[in-house]
Amino acid sequence: MLDGCHHDPHALLGARPVPGGVAVRALRPFARSVVVTAKGLRAELYPEGDGFFAAVLPLREVPDYRLLVTYGEEELELCDPYRFLPALGDFDLHLIGEGRHEQLWQALGARPMTHQGVTGTRFTVWAPNARGVRLIGDFNYWDGTAFPMRSLGRSGVWELFVPGVGEGALYKYEIVCPDGRRTRHADPMARRTECPPANASVVYASHHRWQDGAWLAARAARRVHEAPMSVYEVHLPSWRPGLSYRQLAEQLPGYVRDLGFTHVEFMPVAEHPFGGSWGYQVTGFYAPTARLGTPDDFKYLVDALHRAGIGVIVDWVPAHFPRDDWALARFDGTALYEHADPRRAAHPDWGTLEFDYGRTEVRNFLVANAVYWCEEFHVDGLRVDAVASMLYLDYSREEGQWTPNARGGREDLDAVAFLQEMNATVYRRCPGVVTIAEESTAWNGVTRPTHLVGPDGFGGLGFGLKWNMGWMHDSLGYVAHEPVHRRYHHHEMTFSMVYAYSENYVLPISHDEVVHGKRALVSKMPGDWWQRRATHRAYLGFMWAHPGKQLLFMGQEFAQGAEWSHEHGPEWWLLDDSYHSAGDHRGVRNLVRDLNRCYTATPALWQRDTVPDGFAWVAGDAADDNVFAFLRFDAQGSPLLAVSNFSPVVRHGYRLGVPERIARWREVLNTDAGAYGGSGVANPEPLRAEPVPWHGRPASVRPVLPPLATVWFRPA
């Protein structure tokens, strides 16, 4: 017991009937005396040495007793933690053992509760290979000698109910490893943490009252793939540096709603020790970062966004975790959350550890975590980071550094099964939620349902959407060339349509594309300041019309020229009236606002994103002109004509084939408009379709194409 290695401290401590009465034993190091009190009873326990106090009381049954413990001159009245039955039921333990506890956070971790009529907190932790586990915290001066936890059989779960400990208490677990070492770890299931660099876990209970019932009901009835989705990606700590979750709730919803985005996507909000990781090296998978407030404060922010009509997507990172010795790494002295094979455990790119997806309890920890963010925080989507690094055993590994799977292949079968289970569970439990994969390879069936087996013999991974990394790299490569050279790279803008319907795609211009020397979006463009902004605007117009949902990282909506800094955030001063070029940046932001509003109001741009019938090329081979023209169609066949001219010259009377049944077309958006900082070349009057066959169509129109611009036309 004193070494912290006892598996059943309740068998030694507390009160129990014995021949001749009731035996009471307490472990209270440094106490001068311990007295048992109950109705009609006051009896002093005798010191046994080393902090133990005991006595046999002449009673027939165990009373409802308390302990009076004297330290120096101070006397404390305490409820004995070792008088209670386990506060975790057999069914919970069964589900944990099966790896099927879909609300694991309700069973493990610190949970304030009333148990056997007494108020306190139940602490439970999974540490199957530990020789012993003790609870330490600010309530026991971080000395766990008097707070050993009991092992609940073969489950590997340790439990202790502590009366009098409530919300806000700090705690950790002191673990005796198989080799006898003692380590101190934060709770893997902690729902609240200290603010980094401090790393203790915090006892938490939610008191937030949700007001987004109408939003959730509408979300459940909406088909994500047939609905508009325009996403504003945000790094919360740096969007407006210094703002808390509640302060962000006062500013962010209004800003996003004004710009017409349908969703925000937060870079990881789960707790992480190093701010420079942007949240992608997580230590507290169940806790929103304390840097910006409490978990209820984060709920308040999500609630505010929902009430403003904005969906919330959160980046989720199940691919790896950092090696901090107080977190998940070698949690019970063994490779518990990470793979036992060091070659499988070590992530070669980031110096982190990979999860052991084949271990039942680890898979349950992650699947339940995905459900947790959706159910507890009402998030509308999970964007899963670094999926490719999970899927391949040889990811970033040389020959000899990995072992083939049971089929002889390079696929991580455990990771595949985990992703399938995660997606199936989230979609079953959380109506209207969408999962999104950041998957950078050509894995077959990322967004295919899990029960449909593909030609490779695998069922689909079951994601709702996938980031189209190929489109992103190709299109950014195209616009980075000088216009005179773009004719030789025309295919980089058209190739995406070869595979556009192989998956359900998001078109991402994310934080990854505006850091580490890649330059901000407007700075990727060649030419002088006017040409860079014009190309930036034309590119956004092309992107919003292309099949797929859209994602744009903060700062790019107003053409920030500098790379993003997580320390300083967007350069909002570019929009101040005192800055001489503020109008240029406000013009780009005006365009983004109008793109979103026109996009949302035009079903042709989103209703048939995932089926070939929603798209048709008009001019896909005009390489010498740097022109791209295509039609988008809604479910009723109503079209939108999108035309991009990526050359710096005006093209007058540029003939384009159009459907015969539409007599007139009107310009509904023009990225060259003066309000956006353009030259103002436009088509003010509706275009009349002429019975001149062109581009394989029976009729044609002859619009003027502004320089470095995208123009949208709809039937007049």
Side-chain angles (χ1 to χ4, degrees), residues 217-231 260-263 309 311 431-432 434 447 464-465 468 494 496-507 540-550 593-620 628-644 655-670 683 685-703 710-716:
R219 184 191 75 182
R222 184 169 56 240
R223 295 173 61 89
V224 172
H225 304 111
E226 298 175 358
M229 179 181 284
S230 174
V231 184
F261 287 97
T262 65
H263 291 71
V434 62
T447 59
L465 297 166
N468 194 335
T494 61
S496 59
M497 291 311 304
V498 173
Y499 61 87
Y501 304 107
S502 60
E503 303 281 2
N504 305 325
Y505 283 116
V506 174
L507 311 179
L540 293 179
F542 177 86
M543 172 182 172
W544 254 250
H546 191 285
K549 313 306 181 184
Q550 294 81 34
R593 180 186 297 110
D594 289 348
L595 279 171
N596 278 325
R597 290 178 177 175
C598 189
Y599 165 80
T600 305
T602 308
L605 291 174
W606 42 262
Q607 202 170 54
R608 303 171 86 181
D609 263 337
T610 60
V611 293
D613 291 346
F615 176 92
W617 279 114
V618 173
F628 305 87
F630 52 84
L631 291 161
R632 298 294 308 277
F633 300 96
D634 65 17
Q636 284 70 45
S638 179
L640 176 138
L641 173 63
V643 189
S644 296
R655 192 175 292 277
L656 297 166
V658 292
E660 184 180 25
R661 58 187 173 83
I662 298 169
R664 302 171 65 188
W665 297 77
R666 62 184 175 89
E667 183 179 285
V668 294
L669 186 134
N670 184 339
N683 297 271
E685 299 298 326
L687 304 176
R688 293 185 179 275
E690 302 173 2
V692 178
W694 211 259
H695 294 130
R697 299 181 183 277
S700 56
V701 292
R702 300 181 63 198
T710 293
V711 187
W712 294 355
F713 299 93
R714 293 189 63 187

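Numbering starts at 1 and runs along the sequence shown.
- Between Tyr499 and Tyr505, the ring planes are perpendicular. Angles over 60° get that label, and only those under 30° would be called parallel.
- Looking at heavy atoms from C-beta onward, Val434 lies out of side-chain contact with His263 at the 4.5 angstrom threshold.
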Decide yes or no on side chain to side chain contact (heavy atoms under 4.5 Å, CB included) for Asn683 and Phe713, but give the supporting numbers first. CA-CA 10 Å; Asn683 297 271; Phe713 299 93; 3.7 Å; yes
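- Exactly one of Thr600, Asn596, Thr262 qualifies for a side-chain hydrogen bond (donor to acceptor under 3.5 Å, both in side chains) with Ser230. That residue is Asn596.
- For the pair Gln607 (side chain) and Ala635 (backbone), a donor-acceptor distance under 3.5 Å is present.
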Please determine whether side chain to side chain contact (heavy atoms under 4.5 Å, CB included) holds for the pair Asp609 and Lys549, giving the CA-CA distance in whole Å, both sets of side-chain angles, and the decisive distance to 0.1 Å. CA-CA 8 Å; Asp609 263 337; Lys549 313 306 181 184; 3.0 Å; yes
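- When side chains are defined from C-beta on, Ile662 counts as touching Pro639, because their heavy atoms get closer than 4.5 Å.
- Considering all non-hydrogen atoms of both residues, Gly432 and Val224 come closest at O-CG2, 4.0 Å.
- Between Leu656 and Val643 there is a side-chain heavy-atom pair separated by less than 4.5 Å.
- For the pair His225 (side chain) and Gly464 (backbone), a donor-acceptor distance under 3.5 Å is present.
- When the shell of 6.0 Å around CZ of Arg688 is examined, it contains 12 or fewer heavy atoms from other residues, nucleotides or ligands.
- Inter-residue side-chain proximity for Leu605 and Trp544 is flagged as unmet; no heavy-atom pair is nearer than 4.5 Å.
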Tell me, with the steps shown, if Arg655 and His695 meet side chain to side chain contact (heavy atoms under 4.5 Å, CB included). CA-CA 9 Å; Arg655 192 175 292 277; His695 294 130; 6.0 Å; no
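- You'll find the side chain of Leu595 stays beyond 4.5 Å of the side chain of Gln550, heavy atoms only.
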Test side chain to side chain contact (heavy atoms under 4.5 Å, CB included) on Leu641 and Val618; report intermediate values, then the result. CA-CA 9 Å; Leu641 173 63; Val618 173; 4.0 Å; yes
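- Put simply, the side chain of Trp665 reaches to within 4.5 Å of the side chain of Pro715, judged on heavy atoms.
- Heavy atoms only, all atoms of each residue included: Arg664 and Pro686 are closest at NH2-CG, 3.3 Å.
- Between Cys598 and Thr602, the shortest heavy-atom contact is O-OG1, 2.6 Å.
- For the pair Arg632/Arg608, no side-chain contact is recorded, criterion being any heavy-atom separation below 4.5 Å from C-beta on.
- Ring geometry, Phe630 versus Trp617: the interplanar angle exceeds 60°, so the pair is classed perpendicular (tilted spans 30 to 60°).
- In plain terms, the two heavy atoms of Leu507 and Met543 that are nearest each other are O-CE, 3.3 Å.
- Inter-residue side-chain proximity for Pro603 and Glu226 is flagged as unmet; no heavy-atom pair is nearer than 4.5 Å.
- Distance CE/Met497 to OG1/Thr494: 10.0 Å, rounded to 0.5 Å.
- Closest approach of Ala699 and Pro659 over heavy atoms only: CB-O, 4.5 Å.
- Looking only at distances, no side-chain donor or acceptor of Arg714 sits under 3.5 Å from a matching main-chain atom of Arg666.
- Considering CZ of Arg593 and CZ of Phe261, their distance stands at 10.5 Å, rounded to 0.5 Å.
- Taking CG of Asp594 as the start and CG of Asn670 as the end, the distance is 11.5 Å to the nearest 0.5 Å.
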